[in-house]
2 protein chains.
Amino acid sequence: MIYNNLPKFAADNERIYDKRDEHTPDNWIKRNPGLIRLTGKHPLNAEPSPSRLYDEGYLTPNSLFYVRNHGLVPKLDWDTHTLEITGLVDNPRIFSMDELAAFPKRQFPVTFPCAGNRRREVNLFKQSKGFNWGSAGVSTAVFGGVMLRDLLLACGVRIPKEDEEDWHVHFEGAEMLPNGIYATSVSYQYIMDPRNEVLMSYEMNGELLPPDHGFPVRLLLPGIIGGRMVKWVKRIFVSKTESDNWYHIYDNRIIPSHVEPEEAIRDKWWQNPSYIINPMNINSAFAYPEEGQIVPVSQESFKCCGYAYTGSGNRITRVELSLDDGKTWILCNIDQQIPSPITKKYWAWAIWSYDLPLKKLLQCKEIIVRAWDSTLNTQPVNITWNILGQMNNAYFRLKVNLEENSNGEMNYRFEHPCLTANIASGWMVPKKDKQGSEPSIKTTPKVGKAYTQEEVNKHNKPDDCWIIVKEGVYNVTDFIKLHPGGADSIIINAGGDCTEDFVSVHSTNAHNRLKKYRIGYLVTSTQNEVENALALSPKKGRKLSSRL
Amino acid sequence: MIYNNLPKFAADNERIYDKRDEHTPDNWIKRNPGLIRLTGKHPLNAEPSPSRLYDEGYLTPNSLFYVRNHGLVPKLDWDTHTLEITGLVDNPRIFSMDELAAFPKRQFPVTFPCAGNRRREVNLFKQSKGFNWGSAGVSTAVFGGVMLRDLLLACGVRIPKEDEEDWHVHFEGAEMLPNGIYATSVSYQYIMDPRNEVLMSYEMNGELLPPDHGFPVRLLLPGIIGGRMVKWVKRIFVSKTESDNWYHIYDNRIIPSHVEPEEAIRDKWWQNPSYIINPMNINSAFAYPEEGQIVPVSQESFKCCGYAYTGSGNRITRVELSLDDGKTWILCNIDQQIPSPITKKYWAWAIWSYDLPLKKLLQCKEIIVRAWDSTLNTQPVNITWNILGQMNNAYFRLKVNLEENSNGEMNYRFEHPCLTANIASGWMVPKKDKQGSEPSIKTTPKVGKAYTQEEVNKHNKPDDCWIIVKEGVYNVTDFIKLHPGGADSIIINAGGDCTEDFVSVHSTNAHNRLKKYRIGYLVTSTQNEVENALALSPKKGRKLSSRL
């Protein structure tokens, strides 16, 4: 049926073959250059800027919807792809995509974030094992698909005895990753509850899913973090036991703050079912003012605005600003928040705004935003560190700097806590790192043999593979097959400098492992050259240019 | 069916006819004197002490389950009481209790709080319109009853069109209150979802509901605050519109902090559907150490313990203590948390404990407890004031005082923020109020005519009704029928001193209204007499003895 109250889909014409994908396995995919890449060239992990995300309106165009890929994008075909449903069902079946799409279609707007959204704030507080999402690792689209419940019923799914432990529905994607396939499981009862509107989705904003979002079919769990929504699904099975897939156990879990990585593995913290992440928690962020935005003090008011979201189909009931560190709060307008047409659950975000009279900022150093939802819970004041740096939903704090320009005019300059990876701006970023160079990019001591760039460039094949990381030269030929992130992501950098890619995704542990492959250092001439390698990002402060 | 994993019901033999009920309309009800009364004699609003609540175990005995009554308890009979189901149903029906009980029975443990639980902390921060619940206005029982969904289906409940606005199910109780009957409405879709396990409940811990808890039948909404669960239900109807009952609109709503009472009414803040309270938010409290408990520094460790709860069927996943104002957190044990046998939802609380090595307290002034649930949300740091002072779930803070006794031994003395109404102890209670007299009980200026106690006593009838409040004498005969709290609660005090009852439930506004009925003041002899009227509460500091 047609739902009258769904927002309209906007045109999405900005997709191109991006130069950065040229030498990667994803070079067949058109992407939007407006996405900011967080982990180098490959795999694609990317988000738009907060202001771009906001400007696009209630629905994020598919090409700007944040992307979290663990490896290369499987090249699948609508006509040949199949979805198998098996396990505790009376009639196991293998569906073609046409058969799937013949089931009644549901569609409704859904917002979901990466569980790592706002992780860079966590990492600037204390480094976690994860790369630097800004605050726009969250997006909204109208997803269309078939109710998974209907598919399972069509396969004669069995029914647990009334008093029996809950069963589990398992999802397996088409990816082959270093830690096996990407898979997870979700409560059987949750899936079977029609009010949870769990879809096998094949449509996004009125078009087929783009490859980065799971074409031809992904799991869609409204109200739940993106990491649980397996993309490129090949197989679903119903079981009495929970998944023991690596990604189900060692990712998307919040281990209590005091537990460090080694202890977590040794004492089996990852295996504690209490620590799994499913629903999104309550979160909110500013889109405007933007990071670094300058507004004259003489201006009467400024429209502060942004987005807020929560999990479980709950409604965002309040968004509030504080100019006095939480002593008092100003109520913002909720401009748009669209429930699902059938269940009336709020699977999608709230767009908020407040027209702030600027005289209120004269004594104010910081503007805080927080949201509340219909459970009467709100966001925490402070960051709660955890090994994976996930689910950060602490108050979003914007600094207000009163500054005089060269004409003697007074301005407010606003600062976000930080932006995405490799953009050295924001009040949480240490001052020394804002002078031009990125904090994590430091040179390696000049030990061993000296190599020129040209010499390194020759070792650019899988069976003869050198790389440069922080001006150290490494022969990683023997390591390629051992790389937890997969061989591909090394091979595409063979013979080149992969400092940016390396530091954005690797822990101290990986830095230490790398050391044993060091054969020498790179000859660089002067500091000037380093400076030349840095270019001002088109919009936001200084950023390392791509080395390719 | 019999569920094997339900906790056992304990004997509940402490119910007596309480002297305090003697002259009230509730004098036919046996009650547990272990309940602490919060609003004087009548109506009954009462909670146990936190340690008593904890000591009773996972299930609270019915007689100690907190009570929130708005007026007298309707005297209903199993054999004659009926429940009408009407509105948008094809076959409206009137059920006898036997007919109700013939439907399949569900039973599972449910925790629910009064939305005002922990309100005294709010009131000590800034006075709200509500009386002083401590932190034990929450209890747990195994409720038994019929799924409301089944009843509605038996009446041929109609089904909204797919894209239609949500309908509402209305509940009306048997009470006649000053603002009309007690009624509310709940989302139709919510009620019809079998995973929400909404019951018409007639059983509590294996016995029929006690009168104070809605005998013979009440609404039970697992995961939702008590105020929504209408007791003594007479009529249910299905409608396209939401309830406009006074208690649905003007109670159990959280209006943003900056809104004061007059503004809320003038600008229709109460009518904003965003501000309704349904699910419980995340909360936790200490049972031990108790308020005022003294523990020798030389003792090796102390078992801190308490309870934590949340709404929506979510699981309490972590309970944590901080000894350094939230900088670091210690993980507590979750000793017991029992899901519903069928849906596996966590409708009931988590019992937590941690064996604290006392040497850790040597530099510690405060122990904080907070809980997290499976939505990855947690409790807020600070109290969020609101007109009704509801849903306070700020960190629960226990003060640690290091003290030397007369033998030169060092002890820790622990302080809760506060206890219930009229118990002048706890670190939030102003020091001046701990000297023996209760803060709100101050004498009125001696203006007008002087009356002796004996003279006042003679005016003890509805058509000739004087009362004493704070040593002022008032002729309230003409006011009885205007009293927003009902005539009964004045008449039971006719000719007597109702200071305690009055101050515990009335706002400044009511104090001002009372003034116009003043006819004089009470003659008291010496300060000694006042002192004599004060008696030490059996367990906790000084408390005004009952004046009857």
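This structure is a prediction, so every number in the text was calculated from the model and none was measured. So that the names make sense, note that chain A is the first sequence line, chain B the second, and so on, each numbered from 1.
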What residue in B:N278, B:T378, B:I282, B:I276 has the most heavy-atom pairs under 4.5 Å with chain A? B:I282
Under 4.5 Å from a heavy atom of chain B, the part of A:N377 involved: both
Once you round to the nearest 0.5 Å, how far does CZ of A:R106 lie from CD of B:E162? 5.5 Å
Between B:W372 and A:T384, is any pair of side-chain heavy atoms under 4.5 Å apart? yes
Structural part of B:E164 lying under 4.5 Å from a heavy atom of chain A: backbone
Tell me, side chain or backbone of B:I224 under 4.5 Å from chain A's heavy atoms, or both, or neither? neither
Please determine whether side-chain contact (heavy atoms from CB on, under 4.5 Å) holds for the pair A:S312 and B:T375, giving the CA-CA distance in whole Å, both sets of side-chain angles, and the decisive distance to 0.1 Å. CA-CA 8 Å; A:S312 308; B:T375 65; 4.2 Å; yes
Is A:K344 paired with B:D166 through a side-chain N to carboxylate O contact shorter than 4.0 Å? no
Which atom pair, heavy atoms only, marks the closest approach of B:N281 to A:L376? ND2-O, 3.2 Å
Just wondering, do A:H258 and B:L331 contact through their side chains at under 4.5 Å, heavy atoms? yes
Please report the closest heavy-atom contact between A:S374 and B:P279, naming both atoms and the distance. O-CD, 3.5 Å
If you take all heavy atoms of B:T317 and A:S274, which pair is closest and at what distance? CG2-O, 3.2 Å
Could you report the tightest heavy-atom contact between A:Q189 and B:T343, atom names first, then the distance? OE1-CA, 3.5 Å
Minimum-distance pair of heavy atoms, taken over all atoms of A:E320 and B:P256: OE2-CB, 4.4 Å
In Å, rounded to the nearest 0.5 Å, how long is the span from CG of A:D163 to OG of B:S340? 9.0 Å
Counting heavy-atom pairs under 4.5 Å with chain B, the top scorer among A:D193, A:N314, A:V381 is A:D193
Please report the interatomic distance CZ(A:R318) to OH(B:Y275), rounded to the nearest 0.5 Å. 7.0 Å
